[in-house]
Participant: 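Structure below; questions to follow.
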Amino acid sequence: MTIHLYNTLTRQKEEFTPIDPKKVRIYICGPTVWNYAHIGNGRAAVVFDLLVRVMRHAYGNNHVQYVRNITDIDDKIIDAARQSGEKIDVITEKYARIYNEDMAALGAAAPDHQPRATEYVPQMLKMIDKLIKAGHAYEAEGHVLFNVPSWPEYGKLSRRNRDDMIAGARVEVAPYKKDPADFVLWKPSTPDQPGWDSPYGRGRPGWHLECSAMNEALNGNHFDIHAGGEDLIFPHHENEIAQSTCAHGGEKYVNYWMHNGYLMVEGQKMSKSLGNVVLVHDLVGRAHGEAIRLALLSAHYRQPFDWTEDLLQQSKRTLDRYYGLLRDAGGVKAAAVGAAPSFIAALEDDLNTPKAFAELAVMAKDLSTAKTAEEKARARGIFLAAGKLIGLLQQDPETWFKGATDDESAVIEKKIVELQAARGVKDYKKADEIRDQLKQDYAVSVSVTAAGITWRKES
RNA sequence: GGCGCGGUGGCAGAAUGGCGAUGUAGAGGACUGCAAAUCCUCGAAUGCCGGUUCGAUUCCGGCCCGUGCCUCCA
């Protein structure tokens, strides 16, 4: 059991060594809840859900602490509230709930802790105070800013230096900044904006500070893994490192930084202006969550990849095939065995999901070609154990195929009996009629197998 | 302009200093009343130009193409 992870900090794959194997601590940057999550958010959630599964498999369910936050104070939320006329907490509550539901539909388990930024304002203020006292932050015109030149190590994660950043800056530098690279820890709120009283006047926290404060509270000063989308490398995570390290007297903040790659949609960048933003909420309404999950994991998490309708359909067909195998072997109980070592090894090698799926395909072949009951039971057990680790194939195959209401199912089953009878007397004309009818009326396709007749809902 | 990532069969997508997985699509066959599913067999790929090397898809340099970040977007 050796897990290797690609660490953005060192830009290489490293062997994972936990600080405390009895409590591996992982923090994922969660959503800002002002809108529905898109498929890119879904990718991050699914990928790092898998990371947590792999860690739990290696260190034990109770020895991994998984924290995924909710950002519920942000200027985008304020704008959304202004536009819709809804209250801020109504908006954040609504989208936080939908986010959790949608991610659950993708098989992304709920974190152990889901802290909200607004619950940690006192901790943030305490951290600001520490940073000011340590000479790393200063107050200016109601703002508190982190002074980047006060910490020489700044820029290590994103590998950029101050001069480059200033040279490439597209945004005008605020006049109250001591240094152009300084960033906001606290900013003033107007009376109509949400705010908290503070020694610097009524205001609200800057974006990066919440994660620092919540991690300090839940994961401690120094923890194992911090993960998020690659766009967060700069400035979010860079600034977070600076704040936390400086607030903790130079103590190392995080050992492993992990970032997932971006995705595109049908060959194009996903953007509001192109109108091609794919929302997870819409997808789970019309596709199996498992198929979406499989599609999201079909490419390695650090690779950029293209989200397409074709990919989703192909993923669905793959699961149809796998659930079909499980259904065909339905009479055989799964043997109590673990997932194949090669499968585990693939996932433990920086979450190499394409490799893992290649191994899964081999296991599927073993299952479909197993001869004896004993072989079948073993193959089924291995196959299901792999599915469990990666978060797939745990449903009853009948449920997977027959996504129909009970009433509908009863009618369909009745037709199936008629079909069977017609076939029994070799009345194939009638049999085909019934089959066509089922297809037309219920989108049901019928298969005749040695074991009997099965049907599935096409979707 | 600065920093970064990627270009592998029709498509998706791993790996590797020397036999280039897997899935899907395609061809042929078995099975089947017909289908579907499944099984067996097969063809098919490393962007371009140099360099290092006995040998490069892999390492190095250049080019082309795509894509991302550069103060609050996963």
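Any value given below was found using the heavy atoms of this structure, including those in side chains, with hydrogens, waters and symmetry copies removed. First the proteins, then the strands, lettered A, B, ... as listed; each starts at 1. All values reported here derive from a predicted model rather than from experimental measurement.
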Participant: Could you check whether any side-chain N or O of A:H143 sits under 3.5 Å from a backbone N or O of A:L145, counting only pairs where one atom can act as donor and the other as acceptor?
Facilitator: no
Participant: Have a look at A:D432 and say if it touches a base, only the backbone sugar-phosphate, or nothing, with a 4.0 Å heavy-atom cut-off.
Facilitator: base
Participant: When you get a sec, tell me which of B:A12, B:U71, B:G13 is the closest nucleotide to the side chain of A:L311?
Facilitator: B:A12
Participant: Checking base pairs now: Watson-Crick or wobble, both atom distances under 3.5 Å. What partners B:U52?
Facilitator: none
Participant: With respect to the phosphate group of B:A15, does any side-chain polar atom (N or O) of A:N352 fall under 4.0 Å of OP1 or OP2?
Facilitator: yes
Participant: For B:C3, give the paired nucleotide (Watson-Crick: N1-N3 plus N6-O4 or O6-N4; G-U: N1-O2 and O6-N3; both under 3.5 Å), or none.
Facilitator: B:G68
Participant: In whole Å, measure the gap between the C1' atoms of B:C59 and B:U46 for me.
Facilitator: 15 Å
Participant: Is the distance between the ring centroids of A:H136 and A:W151 under 6.0 Å?
Facilitator: no
Participant: Taking any heavy-atom pair under 4.0 Å as a contact, classify A:I233: base, sugar-phosphate, or nothing.
Facilitator: nothing
Participant: Just how far, in rounded Å, is C1' of B:G10 from CG of A:D306?
Facilitator: 16 Å
Participant: Let's test your reading of the model: under 3.5 Å, does the base of B:C34 pair with the side chain of A:R435 as donor and acceptor?
Facilitator: yes
Participant: Using a 4.0 Å heavy-atom cut-off across all strands, classify A:K429 as base, sugar-phosphate, or nothing.
Facilitator: nothing
Participant: Counting side-chain heavy atoms from C-beta on, which of B:A14, B:A35, B:G68 comes nearest to A:S447?
Facilitator: B:A35
Participant: Please give, in whole Å, the distance from B:G6 C1' to A:Y301 OH?
Facilitator: 16 Å
Participant: Select base, sugar-phosphate, or nothing to describe what A:G206 touches, counting heavy atoms under 4.0 Å on all strands.
Facilitator: nothing
Participant: Rounding to an integer number of Å, can you tell me how far A:D310 CG sits from B:C11 P?
Facilitator: 12 Å
Participant: Would you mind telling me which of B:G4, B:G13, B:C73 lies closest to the side-chain atoms of A:R11?
Facilitator: B:G4
Participant: Rounded to the Å, how far apart are A:R456 CZ and B:A35 P?
Facilitator: 17 Å
Participant: Answer yes or no on whether A:R68 is positioned over the face of A:F48, meaning its NZ or CZ is under 6.0 Å from the six-membered ring centre and within 45° of the axis.
Facilitator: no
Participant: When you compare B:G23 with B:C73, how far apart are their P atoms, in angstrom units rounded to a whole number?
Facilitator: 42 Å
Participant: When you compare B:G47 with B:U41, how far apart are their C1' atoms, in angstrom units rounded to a whole number?
Facilitator: 33 Å
Participant: Expressed as a whole number of angstroms, how long is the span from A:F234:CZ to B:C73:P?
Facilitator: 14 Å
Participant: Salt bridge or not between A:R435 and A:D432? Use side-chain N to carboxylate O under 4.0 Å.
Facilitator: yes
Participant: Using the closest heavy atom to pick a nucleotide of RNA chain B for each, name whichever of A:N260 or A:K177 lands nearer the 5' end.
Facilitator: A:K177
Participant: Distance check, C1' atoms only: B:U67 and B:G9, in whole angstrom units.
Facilitator: 23 Å
Participant: So, does A:R321 get its side chain near the phosphate of B:U38, meaning an N or O under 4.0 Å from OP1 or OP2?
Facilitator: yes
Participant: Starting at atom OH of A:Y322, determine the distance to atom P of B:A37, rounded to an integer number of angstrom.
Facilitator: 15 Å
Participant: Under the ring-ring contact (aromatic ring centres under 6.0 Å, His included) criterion, do A:Y322 and A:F383 qualify, and how do the steps go?
Facilitator: CA-CA 9 Å; A:Y322 288 166; A:F383 188 61; 5.2 Å; yes
Participant: When the C1' atoms of B:C63 and B:C11 are considered, how many whole Å apart are they?
Facilitator: 28 Å
Participant: Ignoring hydrogens and geometry, is there a side-chain-to-backbone donor-acceptor pair from A:Q193 to A:T190 under 3.5 Å?
Facilitator: yes
Participant: Nearest to the side chain of A:T369, heavy atoms from C-beta on, is which of B:C72, B:C39, B:A14?
Facilitator: B:C39
Participant: For A:G324, report the nucleic acid contact type (base, sugar-phosphate, nothing); a contact means any heavy atom under 4.0 Å.
Facilitator: nothing
Participant: Just checking A:Q303: base, sugar-phosphate only, or nothing, at a heavy-atom cut-off of under 4.0 Å?
Facilitator: sugar-phosphate
Participant: Under 3.5 Å, is there a donor-acceptor pair between the A:Y95 and A:D72 side chains?
Facilitator: no
Participant: For the residue pair A:F16 and A:Y256, categorise the inter-ring angle as parallel (less than 30°), tilted (30 to 60°) or perpendicular (more than 60°).
Facilitator: tilted
Participant: Picking from B:C5, B:G13, B:U71, which would you name as closest to the side chain of A:F183?
Facilitator: B:U71
Participant: Tell me which nucleotide among B:G33, B:U38, B:A14 gets nearest to the side chain of A:R423.
Facilitator: B:G33
Participant: Counting only side-chain heavy atoms from C-beta out, which of B:C72, B:G23, B:U38 sits nearest to A:S368?
Facilitator: B:U38
Participant: Taking CD1 from A:I434 and P from B:C34, how many angstroms apart are they, rounded to a whole number?
Facilitator: 19 Å
Participant: Which nucleotide, B:A14, B:A21, B:C73, lies nearest any side-chain atom of A:H300?
Facilitator: B:A14
Participant: Taking the side chain of A:K269 as its heavy atoms from C-beta onward, which of B:C69, B:U71, B:G13 lies nearest to it?
Facilitator: B:C69
Participant: Pick base, sugar-phosphate or nothing for A:M258, based on heavy-atom distances below 4.0 Å to the nucleic acid.
Facilitator: nothing
Participant: Once you apply a heavy-atom cut-off of 4.0 Å, does A:V446 come out as touching a base, just sugar-phosphate, or nothing?
Facilitator: base
Participant: If the cut-off is 4.0 Å, is A:K426 near the phosphate of B:C34, judged by side-chain N/O to OP1 or OP2?
Facilitator: no
Participant: Using atom C1' of each nucleotide, how far apart are B:A25 and B:A44 to the nearest Å?
Facilitator: 11 Å
Participant: Starting the side chain at C-beta, find the nucleotide from B:G13, B:G68, B:G33 nearest to A:E230.
Facilitator: B:G68
Participant: Provide the distance between the two C1' atoms, one in B:A45 and one in B:U22, to the nearest whole Å.
Facilitator: 14 Å
Participant: Taking the C1' atom in each of B:G43 and B:C5, what is the distance between them to the nearest angstrom?
Facilitator: 34 Å
Participant: Nearest whole Å is fine: how far is B:A21 C1' from A:K355 NZ?
Facilitator: 8 Å
Participant: Going by atom types alone, do A:Q313 and A:E309 pair a side-chain donor with an acceptor below 3.5 Å?
Facilitator: yes
